[in-house]
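Inspection log for the structure reproduced underneath, given as C-alpha cells.
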Amino acid sequence: FRSFVAQVVATLFMAGVIWVVQLVHYPLFAKVGPALFPAYEAEHRARISLVVVVPMLVELATGAWIALRPPATIPPWSARVGLLLLAVIWLSTFFLQVPLHDRLSRGHDLAAIDSLVRGNAIRTAAWTARALLVTWWISRLRP
C-alpha cells in the first residue's frame, strides 16, 4: 500500500510541477536577456533538479513495482499503461529536454526555447494522463 501512496503523491506532485513549467517557467525563458541567460539557465537546472529528481525517481520505482505487482483494485493493463506513460516522460526528458537545456547552457536561443516549450508538451500530456490514471485508481479503492 505504501508504494501505491508514494506513486499517487509523486505523480500528482509532478503533474502540478509540469503544468507550472509548461505555462509559466519555460515561456519566461524568452524574456531573459542574452547577457544573463547562461547564468539563468545554470541556476534553473540546479534549482529544478532539487524539486523534481526525487519525485521522478520515486514515481519510476513505484510505477515499475505497481506494473509488476498491481494491487487487487488496479487492473493490470492500467498499471502497464502507467509504466508506458513513465517511459514517454523519461525518454522525452533525456532525448528532448536535456539536449535543449545543454544547447541553452551555451547561450540565449529563441528557437531552442520554442522547441523546449513545444517538446515539453509531451511530458505535460503524459503527466496529465498519469494524474488522471492514479486518480481513477484512487476512486477504485474500497474502504
Side-chain angles (χ1 to χ4, degrees), residues 1-71 73-141:
F1 186 73
R2 282 183 241 161
S3 339
F4 178 80
V5 171
Q7 174 76 176
V8 168
V9 169
T11 296
L12 294 178
F13 176 81
M14 286 307 304
V17 167
I18 204 66
W19 274 101
V20 171
V21 167
Q22 182 67 18
L23 296 178
V24 178
H25 198 64
Y26 279 172
L28 288 175
F29 276 30
K31 305 293 184 190
V32 178
L36 298 175
F37 194 83
Y40 180 82
E41 170 66 14
E43 190 72 16
H44 158 77
R45 287 176 91 161
R47 289 176 183 236
I48 201 70
S49 294
L50 292 173
V51 173
V52 302
V53 168
V54 170
M56 283 181 73
L57 291 172
V58 166
E59 185 183 33
L60 181 62
T62 58
W65 179 255
I66 288 170
L68 291 172
R69 298 184 55 140
T73 59
I74 296 175
W77 65 264
S78 70
R80 290 189 297 274
V81 167
L83 192 58
L84 177 64
L85 289 166
L86 280 172
V88 168
I89 290 163
W90 281 80
L91 290 170
S92 177
T93 297
F94 285 102
F95 291 107
L96 295 177
Q97 278 70 45
V98 168
L100 286 165
H101 278 291
D102 290 344
R103 183 171 151 190
L104 288 168
S105 70
R106 294 187 292 276
H108 192 262
D109 180 335
L110 289 175
I113 293 167
D114 184 57
S115 293
L116 188 69
V117 173
R118 283 185 292 106
N120 194 58
I122 295 166
R123 295 190 307 176
T124 303
W127 260 311
T128 301
R130 283 191 48 73
L132 293 170
L133 183 66
V134 301
T135 301
W136 179 64
W137 289 350
I138 292 167
S139 77
R140 295 178 54 83
L141 291 176

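All residue numbers refer to positions in the sequence shown, counting from 1. Note that the coordinates shown come from a computational prediction; the quantities given were computed from them, not determined experimentally.
Residues Phe13 and Val51 meet the side-chain proximity criterion, which asks for heavy atoms closer than 4.5 Å. Side-chain contact check for Val32 versus Leu28: every heavy-atom pair is 4.5 Å or farther apart. Under the 4.5 Å side-chain criterion, counting only non-hydrogen atoms from C-beta, Asn120 is not in contact with Leu116. Residues Ile48 and Val21 form a side-chain contact, since some pair of their non-hydrogen atoms from C-beta on lies under 4.5 Å apart. At least one side-chain heavy atom of Arg130 sits less than 4.5 Å from a side-chain heavy atom of Glu59. Between Trp136 and Pro75 the shortest side-chain heavy-atom distance falls below 4.5 Å.
The line from CG of Leu86 to OG1 of Thr93 is 10.0 Å long, rounded to the nearest 0.5 Å. Atoms CG and CZ, on Leu85 and Arg80 in that order, are 13.5 Å from each other to the nearest 0.5 Å. Atom CD in Gln97 sits 11.5 Å away from atom CG in Asp102 (nearest 0.5 Å). Separating the CZ atom in Phe4 from the CG atom in Leu141 is a distance of 4.5 Å, to the nearest 0.5 Å. The CE atom of Met56 sits 11.0 Å away from atom OG1 of Thr11, with the distance rounded to the nearest 0.5 Å. To the nearest 0.5 angstrom, Glu41 atom CD is 9.5 Å from Leu100 atom CG.
Between Phe37 and His108, the two ring planes are perpendicular [angle over 60°; tilted spans 30° to 60°]. In this structure, Phe29 and Tyr26 have perpendicular ring planes: the angle between them is above 60°, well past the 30° mark.
Closest approach of Ala10 to Val58, counting heavy atoms only: CB-CG1, 4.1 Å. In plain terms, the two heavy atoms of Met14 and Val52 that are nearest each other are CE-CG1, 3.7 Å. What you find for Ala131 and Ala15 is that their closest heavy atoms are CB-CB, 3.8 Å. Heavy-atom minimum distance, Ala112 versus Leu104: CB-CD2, 3.7 Å. For the pair Ala126 and Ile89, the tightest heavy-atom approach, listed with the atom from each and the gap, is CB-CG1, 3.5 Å. The nearest pair of heavy atoms linking Ile66 to Ala79 is O-CB, 3.7 Å.
Residues satisfying the side chain to side chain donor-acceptor pair (under 3.5 Å) test with Arg103, not counting sequence neighbours, are Asp109. Listed by chain and residue number, nothing satisfies the ring pair (Phe, Tyr, Trp, His ring centres under 6.0 Å) test with Trp65 (two or more places apart in sequence, or in another chain). Partners of Arg140 under the salt bridge (Lys or Arg N to Asp or Glu O under 4.0 Å) rule, at least two apart in sequence or in another chain, do not exist in this structure.
Put simply, the side chain of Arg123 never gets that close to the backbone of Ile18: no donor and acceptor are under 3.5 Å apart. Counting only distance, with no hydrogens or angles, the side chain of Ser49 and the backbone of Arg45 share a donor-acceptor pair below 3.5 Å.
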- Item | Intermediate values then yes/no, side-chain contact (heavy atoms from CB on, under 4.5 Å), Val17 and Trp127 | CA-CA 10 Å; Val17 167; Trp127 260 311; over 6 Å; no
- Message: Is there a side-chain contact (heavy atoms from CB on, under 4.5 Å) between Thr135 and Leu12? Walk through the geometry before answering.
- Response: CA-CA 9 Å; Thr135 301; Leu12 294 178; 4.1 Å; yes
